[in-house]
Chemist: 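One structure coming up, written as structure tokens, with questions to follow.
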Amino acid sequence: MSGDGTKSIWWNGALVPHGDAKVHVLTHAIHYGTGVFEGIRAYKGPEGLAIFRLEEHIDRLFQSASAYKIEMAHTRDAVIQGCIDVVRDNDLDECYLRPIAFIGFGPLGVYWKDNPTNTAVAAFPWGTYLGPEALEKGIRVTVSSWTRIHHAQFPTTAKGCGQYLNSVLAVREAHEKGFDEALLLDRHGNVAEGSGENLFLVNDGSLRTPGLDSSILPGITRESVMELARDAGLRVEVGPITRGEVYTADEAFFTGTAAEVTPIREVDGHVIGSGGRGPITEQLQSGYLSAVRGGNAAKDHWLTRV
Ligand SMILES: Cc1ncc(COP(=O)(O)O)c(C=O)c1O
């Protein structure tokens, strides 16, 4: 049994006791970050527990693996079933799922050849990512002194384990300066994204979010929010955003599986809008939080009932 009360982890194709999902210290991924992962949430609505956009997340896991030529040891269907099984076996209510596939124990050369790919799915309770008041009151953000890894250096559309050292540097610096989260610029000086979230600005009732050429991870929450916004008749543009535009936006918010739809109330001492959750942000946040719990019949295909 783990500290969070969960008892099992899906490990290389089967559920094993939580404490048995272990690796050797010479595991390739520990040394070089050679793994790919996902973050997924399950929500409970009137019709029960459901995993949000499970298939899209597992597809992205396989695309991330393909970007690094990590050979998956299990099929897409097996990993999807593993996600469902681990939630069921642990009797979880609303929770977070962490599928990961990584290069295992074997020769330690940077170029791996015959090392196995290990695959795990853990699930555990995880509340509001950016603090209990974040969703309602918004967070304080600083532009990082670290720029986001560039797509000419890494496949930035992939969720590669080693890529997250960039996020770690940025979020640590932000916390040490007394902020809740970092906003990273791309190497051309345009805005990229947060350490684990995509950014949206609202101006005159229209949304704008950076595109893939700003080296962002194409977030599944970002895509869901864009769809909900368009359904609501809002204009959504994808394109470059400058630092100054963030400081003067009517509203700003982050999206992510962990962060959900989190308003940004301040960036580097610039108060955004009225300094709280703006009206469009609130509309999209409540639309998102309703859809994830089955409150939007048109988006039922986003949910996999557990
Ligand atoms: C760097 C980064 N950007 C954006 C996101 C948001 O992606 P998603 O909405 O798919 O969770 C995440 C979280 O996965 C992330 O780690």
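FYI, side chains are in, hydrogens and waters are out, and symmetry mates aren't considered; it's all heavy atoms of this structure. Numbering starts at 1 and runs along the sequence shown. Numbering of ligands and ligand atoms starts at 1, following listing order.
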Chemist: Pairs under 3.5 Å, N/O atoms on ligand 1 and on the protein: can you put them in a table with the distances?
Modeler:
residue: ligand 1; atom: 3 (N); partner: Glu193; partner atom: OE1; Å: 2.9
residue: ligand 1; atom: 9 (O); partner: Ile220; partner atom: N; Å: 3.3
residue: ligand 1; atom: 9 (O); partner: Thr221; partner atom: N; Å: 2.9
residue: ligand 1; atom: 9 (O); partner: Thr221; partner atom: OG1; Å: 2.6
residue: ligand 1; atom: 10 (O); partner: Arg60; partner atom: NH1; Å: 2.9
residue: ligand 1; atom: 10 (O); partner: Arg60; partner atom: NH2; Å: 2.9
residue: ligand 1; atom: 10 (O); partner: Ile220; partner atom: N; Å: 2.7
residue: ligand 1; atom: 11 (O); partner: Thr257; partner atom: N; Å: 2.9
residue: ligand 1; atom: 11 (O); partner: Thr257; partner atom: OG1; Å: 2.6
residue: ligand 1; atom: 14 (O); partner: Lys159; partner atom: NZ; Å: 2.7
residue: ligand 1; atom: 16 (O); partner: Lys159; partner atom: NZ; Å: 3.3
residue: ligand 1; atom: 16 (O); partner: Tyr164; partner atom: OH; Å: 2.4

Chemist: For Lys44, is there any backbone N or O sitting under 3.5 Å from a side-chain donor or acceptor partner on Glu94?
Modeler: yes

Chemist: Using the test salt bridge (Lys or Arg N to Asp or Glu O under 4.0 Å), find all partners of Glu181 that sit at least two apart in sequence or belong to another chain.
Modeler: none

Chemist: So, are Lys159 and Glu38 salt-bridged, with charged N and O less than 4.0 Å apart?
Modeler: no

Chemist: Between the side chains of Glu71 and Lys69, is the shortest nitrogen-to-carboxylate-oxygen separation below 4.0 Å, so that they form an ion pair?
Modeler: no

Chemist: Measure across Pro279 and Glu251 and return the closest heavy-atom pair with its distance rounded to 0.1 Å.
Modeler: CD-OE2, 3.1 Å

Chemist: On the 0 to 90° scale, with breaks at 30° and 60°, tag the Trp302-Phe52 ring pair as parallel, tilted or perpendicular.
Modeler: perpendicular

